[in-house]
Amino acid sequence: MRVRIAPSPTGDPHVGTGYIGLFNQAFARHHGGQFVLRIEDTDQKRSTLQSEQMIYKSLAWLGLRWDEGPDVGGPFGPYRQSERGAIYAAATQTLLDNGTAYRCFCSAERLDAIRQDQRDRKETPRYDGFCRDLDREQSRLRAEAGQTHVVRLRMRTDGESIVADALRGDVAFDNKQIDDQVLLKSDGLPTYHLANVVDDHHMHITHVIRAEEWLNSTPKHLALYEAFGWEPPVFVHMPLLRNADKSKISKRKNPTSLEFYQRAGILPEAMLNFLGLMGYSRKDEAGNDLEKFSLQEFTDDLDLTRISLGGPVFDLRKLDWLNGLYLRTMTPEVLVERCLDFLREDERYQGVARLVQERLTSLGDFLHHAEPFFESNRPAGLAARHFLVGSGSRKKTAIKLNREQSQAFFEDCVTRLEGLLQWSHDAIDAALRQAVAQAGVQVGDGLMAVRVAIAGRPAAPPLFETVEVVGRALTLHRLRQVANWLADPQFLEAEIAAASQELAAAQLALHGAAPE
RNA sequence: GCCCCGUUAGUCUAGCGGUCAGGACACGGCCCUCUCAAGGCUGGGACAGGAGUUCAAUUCUCCUACGGGGCACCA
């Protein structure tokens, strides 16, 4: 048995990739098969090599080990789709020759127009078949003349397609509902649908274990297998990880980057364990649910038919509990090792040392100053008043932003930082200054708000360096967290009230009981 | 709008016709304790609604509601 995961190197390594990867690998190992990693980089605009590297790094951190992949090779490579152009070209030609695909010369404008029209008439937006019956010879000549075009799948318009999903049973789709999918884009690269089917076949994939979002496009894939005369694999559509509001997990509402969890000090074995609890459960001898288990144990008795299909909410509180459980059951020796490794293996370590250095009077001070860089959860706490931008300012001229405005400011910071191609001091500097200018507050006040959001305290190393060192994943998470706090007036109020109480108590302790 | 999937407590789940509906996170209380955690005990809290099938439905079927996903020259 052979399975694969096929992440797309666009952006941060996604926790969903880890989730699907876990089940794929465990399935392969359980059955003594192979687990393949394939990089789906057919989207030229969005794919980056950097992102690809991060995928390897994060999946390896999690503890997943693939038998074949771009980085480790294998007998059915190349494993990067951008390097398989000739294979897709040949496959496309086969379909063109046997009439199951056709060239389409329609412009993007025309397609937009008909889709809009269909939407207006409340119909399912789909290709209208304008080029479907072009003369084959004509079509060939136009293509040879260099006219830009795509290649589309000629979908049957009658009957229905049955997807035999391993978890759901037969799922029927009316063929009339299925679009003539583009297989080859005008840039000559294949779409997911084509590349996926061709590669899965050539890589001898027997079981496709992927996210539920693909279920609806499976009929297209089935049509492709048929067009090629190939045997389709077994399909297993896993439930989607969800935000607290049950929508598909997204970085707006949850940290989705595996890098974030690594940097936040989550143990990979706890993360894997937690993912193994999503839509799945194991039992102990007494028949109760087993909460803690190793990858090996998970793999040993994995049974995909036990997967439950309701979309599991990715609840960080339980992850934290599990992580603590792992931490508490280590021997002190191992714990020390893990902590030191956590710091040592983190490339931020050097950067933190550099920033903290000038503030030290003893080695023991290091921990205090380094805390903001590694801490995972940051309660709003004592410095919360800074989140209302300008409110913490001692300047009389300070422009204060109200709750909504402050929230908008933090969200703007997120958007600008998110868009940075280079996570460098200068780029961060520029982005944050723009955000401050946009908000119309004084530079010091705006940056102070960001500083407190990032470092949790007003006294910290210079902001841009700090942000650079803290890194993208954690920085964005902390800013989003503050934006979310600001979105909930009660929460922030309570936080500030608690903080002032804390402050009063501290002062009381310092100066003795106040006179009656 | 159309198509598809799903629905046990706030959350993760067990259950596959007859159960006091089990476990876990979170939450409350008590205990332990110099604090905080951890730990122990304990409490509240769920089968979305309605028809049907059956001696018997959380479990099977249908309808409704709700949630989600898809409908791209993104994956």
Side-chain angles (χ1 to χ4, degrees), chain A residues 6-11 14 16-17 39-47 81 104 106-108 111-112 115 118-127 148-152 160-161 163 165 167-169 171-179 181-196 210-220 237-249 273-284 286-292 305-325 327-329:
Chain A
S8 186
T10 55
H14 203 271
T17 306
I39 294 292
E40 306 228 335
D41 56 351
T42 55
D43 185 346
Q44 283 182 309
K45 292 180 212 77
R46 298 197 301 147
S47 299
Q81 290 186 329
C104 169
C106 293
S107 66
L111 295 176
D112 285 345
R115 263 190 219 110
Q118 286 163 334
R119 248 185 273 273
D120 291 345
R121 277 183 286 144
K122 298 178 192 268
E123 288 171 12
T124 303
R126 59 194 300 271
Y127 184 58
T148 60
H149 64 277
V150 301
V151 175
R152 285 180 186 276
E160 51 183 24
S161 299
V163 174
D165 184 89
L167 304 178
R168 282 159 257 260
V171 182
F173 294 86
D174 193 337
N175 286 336
K176 277 196 280 295
Q177 291 291 330
I178 303 164
D179 207 356
Q181 183 59 234
V182 171
L183 302 176
L184 205 67
K185 299 182 270 190
S186 56
D187 64 4
L189 290 175
T191 58
Y192 168 84
H193 306 282
L194 206 224
N196 170 263
R210 72 210 321 182
E212 184 178 6
E213 55 190 332
W214 297 110
L215 184 57
N216 285 285
S217 47
T218 309
K220 292 170 185 171
H237 289 98
M238 300 281 297
L240 249 23
L241 262 21
R242 310 293 185 90
N243 297 312
D245 65 2
K246 297 272 189 179
S247 57
K248 176 165 87 168
I249 195 166
N273 190 154
F274 182 62
L275 290 173
L277 251 17
M278 298 281 93
Y280 196 72
S281 68
R282 302 178 64 246
K283 286 190 230 175
D284 62 18
N288 290 327
D289 288 357
L290 215 44
E291 306 294 335
K292 185 170 182 253
T305 65
R306 285 183 52 80
I307 292 168
S308 58
L309 297 175
V313 171
F314 198 80
D315 184 358
L316 274 348
R317 283 176 305 196
K318 188 149 181 176
L319 207 212
D320 282 341
W321 167 77
L322 244 189
N323 202 48
L325 193 59
L327 254 10
R328 288 191 295 275
T329 48

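Residue numbering restarts at 1 for every chain, and letters A, B, ... go by the order of the sequence lines. Nothing here was measured: the structure is a model prediction, and the numbers come from that model.
With both ends at atom C1', the span from C47(B) to C20(B) equals 15 Å, rounded to whole Å. Between the C1' atoms of C66(B) and G29(B), the separation comes to 35 Å (whole Å). With both ends at atom C1', the span from U53(B) to C4(B) equals 27 Å, rounded to whole Å. Between the C1' atoms of C27(B) and G18(B), the separation comes to 34 Å (whole Å). Distance check on atom P: A72(B) versus A9(B) gives 35 Å, rounded to whole Å. Only the P atoms considered, G50(B) is 15 Å distant from A65(B), to the nearest whole Å. Going from the C1' atom of G49(B) to that of C55(B) covers 25 Å, rounded to whole Å. Nucleotides U42(B) and C25(B) place their P atoms 14 Å apart, quoted to the nearest Å.
When heavy atoms are screened at a 4.0 angstrom cut-off, Phe173(A) is found touching the sugar-phosphate backbone but no base atom. Contact annotation for Arg126(A): no contact, since no heavy-atom pair falls under 4.0 Å across all strands.
The pairing partner recorded for C34(B) is none, the criterion being a Watson-Crick or G-U wobble arrangement whose two distances lie under 3.5 angstrom. Base-pair partner of G28(B): U42(B) (Watson-Crick or G-U wobble, both distances under 3.5 Å). Across the strands present, C66(B) finds its partner in G6(B); the criterion is a Watson-Crick or G-U wobble pair with both atom distances under 3.5 angstrom. Of the nucleotides present, G18(B) is the one that pairs with C55(B) by Watson-Crick or G-U wobble criteria, both distances under 3.5 Å. In this structure, C71(B) forms a base pair with G1(B), meeting either the Watson-Crick or the G-U wobble geometry with both donor-acceptor distances under 3.5 Å.
A distance-only check finds no donor-acceptor pair linking the side chain of Lys248(A) to the backbone of Glu213(A) [under 3.5 Å]. Without hydrogens or angle criteria, Asp179(A) side chain to Tyr127(A) main chain gives a donor-acceptor distance under 3.5 Å. Checking side-chain atoms of Arg306(A) against main-chain N and O of Ser281(A) turns up a donor-acceptor pair under 3.5 Å. Panel note: side chain Asp284(A), backbone Gly287(A); a donor-acceptor pair is recorded below 3.5 Å. Listed for the Thr191(A) side chain is a donor-acceptor partner under 3.5 Å among the backbone atoms of Val182(A).
In this structure, Ala108(A) has no side-chain contact (heavy atoms from CB on, under 4.5 Å) partners at least two apart in sequence or on a different chain. Asp43(A) meets the salt bridge (Lys or Arg N to Asp or Glu O under 4.0 Å) test with Arg46(A); sequence neighbours excluded. In this structure, the side-chain contact (heavy atoms from CB on, under 4.5 Å) partners of Glu160(A), at least two apart in sequence or on a different chain, are Ile162(A), Ala172(A). By the salt bridge (Lys or Arg N to Asp or Glu O under 4.0 Å) test, Arg168(A) is found to be paired with Asp165(A), Glu212(A), residues two or more places apart in sequence or in another chain being considered. When the salt bridge (Lys or Arg N to Asp or Glu O under 4.0 Å) test is applied to Lys318(A), the partners found at least two apart in sequence or on another chain are Glu291(A). Residues passing the ring pair (Phe, Tyr, Trp, His ring centres under 6.0 Å) test with His14(A), sequence neighbours excluded: none. Applying the salt bridge (Lys or Arg N to Asp or Glu O under 4.0 Å) test to Arg317(A) and every residue at least two apart in sequence or in another chain returns Asp315(A).
Taking the six-membered ring for Trp and thresholds of 30 and 60 degrees, Phe314(A) and Phe274(A) have ring planes more than 60 degrees apart, a perpendicular arrangement.
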Annotated protein contacts, base or backbone, on nucleotides 36-49 of chain B with a non-hydrogen cut-off under 4.0 Å, one of B, S, - each: --SS----------
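Put simply, CZ on Arg242(A) is 11 Å from P on U7(B), counting in whole angstrom units. Rounded to a whole Å, the CE atom of Met238(A) is 18 Å from the P atom of C5(B). Whole-Å rounding puts the Arg282(A) CZ to A24(B) C1' distance at 15 Å. The separation between Leu309(A) atom CG and A14(B) atom P is 10 Å, rounded to whole Å. Rounded to an integer number of Å, the gap from Asn273(A) CG to A24(B) C1' is 12 Å. Atom CD in Gln177(A) sits roughly 12 Å away from atom P in A72(B) (whole-Å rounding). In this structure, the CG atom of Leu290(A) is 15 Å from the C1' atom of C25(B), given to the nearest Å.
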Stepwise side-chain contact (heavy atoms from CB on, under 4.5 Å) check, Arg210(A) with His237(A): CA-CA 5 Å; Arg210(A) 72 210 321 182; His237(A) 289 98; 3.2 Å; yes
Pair Arg242(A)-Ile249(A), side-chain contact (heavy atoms from CB on, under 4.5 Å): steps then yes or no: CA-CA 4 Å; Arg242(A) 310 293 185 90; Ile249(A) 195 166; 5.8 Å; no
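Here the closest heavy-atom approach between residue Asp41(A) and residue Pro9(A) is recorded as CB-CG, 3.7 Å. Closest approach of Pro239(A) and Gly311(A) over heavy atoms only: CB-CA, 4.3 Å. Minimum heavy-atom separation, Thr42(A) to Lys185(A): O-NZ, 2.8 Å.
For G22(B), the base has no donor-acceptor partner in the side chain of Asn288(A) [N/O atoms by modelled type, under 3.5 angstrom].
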Atom pairs under 3.5 Å: protein N/O with N/O of nucleotides 17-19 of chain B:
none

Kindly give the atom pairs (protein nitrogen or oxygen, nucleotide nitrogen or oxygen) under 3.5 Å for nucleotides 73-75 of chain B.
from	atom 1	to	atom 2	distance (Å)
C73(B)	OP1	Arg115(A)	NH2	3.2
C73(B)	OP2	Arg115(A)	NH2	3.3
C73(B)	O2	Ser186(A)	N	2.8
C73(B)	O2	Ser186(A)	OG	2.7
C73(B)	N3	Ser186(A)	OG	3.1
C74(B)	OP2	Lys185(A)	NZ	3.1
C74(B)	O2'	Asp43(A)	OD2	3.0
C74(B)	O2'	Arg46(A)	NH2	3.1
C74(B)	O2	Arg46(A)	NH2	3.4
A75(B)	OP1	Thr42(A)	OG1	2.9
A75(B)	OP1	Lys185(A)	NZ	2.6
A75(B)	OP2	Tyr192(A)	N	3.2
A75(B)	O3'	Glu40(A)	OE1	3.0

Between protein and nucleotides 59-63 of chain B, what N or O pairs are separated by less than 3.5 Å?
none

Any N/O pairs under 3.5 Å between the protein and nucleotides 11-13 of chain B? List them or say none.
from	atom 1	to	atom 2	distance (Å)
C12(B)	OP1	Val313(A)	N	2.8
C12(B)	O2'	Leu277(A)	O	2.8
C12(B)	O2	Lys318(A)	NZ	3.4
U13(B)	OP1	Gly279(A)	N	2.1
U13(B)	O2'	Ser281(A)	OG	3.4
U13(B)	O2'	Asp289(A)	OD2	2.9
U13(B)	O2	Asp289(A)	OD2	3.4

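If Leu215(A) and Lys283(A) are placed on RNA chain B by their nearest nucleotide, the residue sitting closer to the 5' end is Leu215(A).
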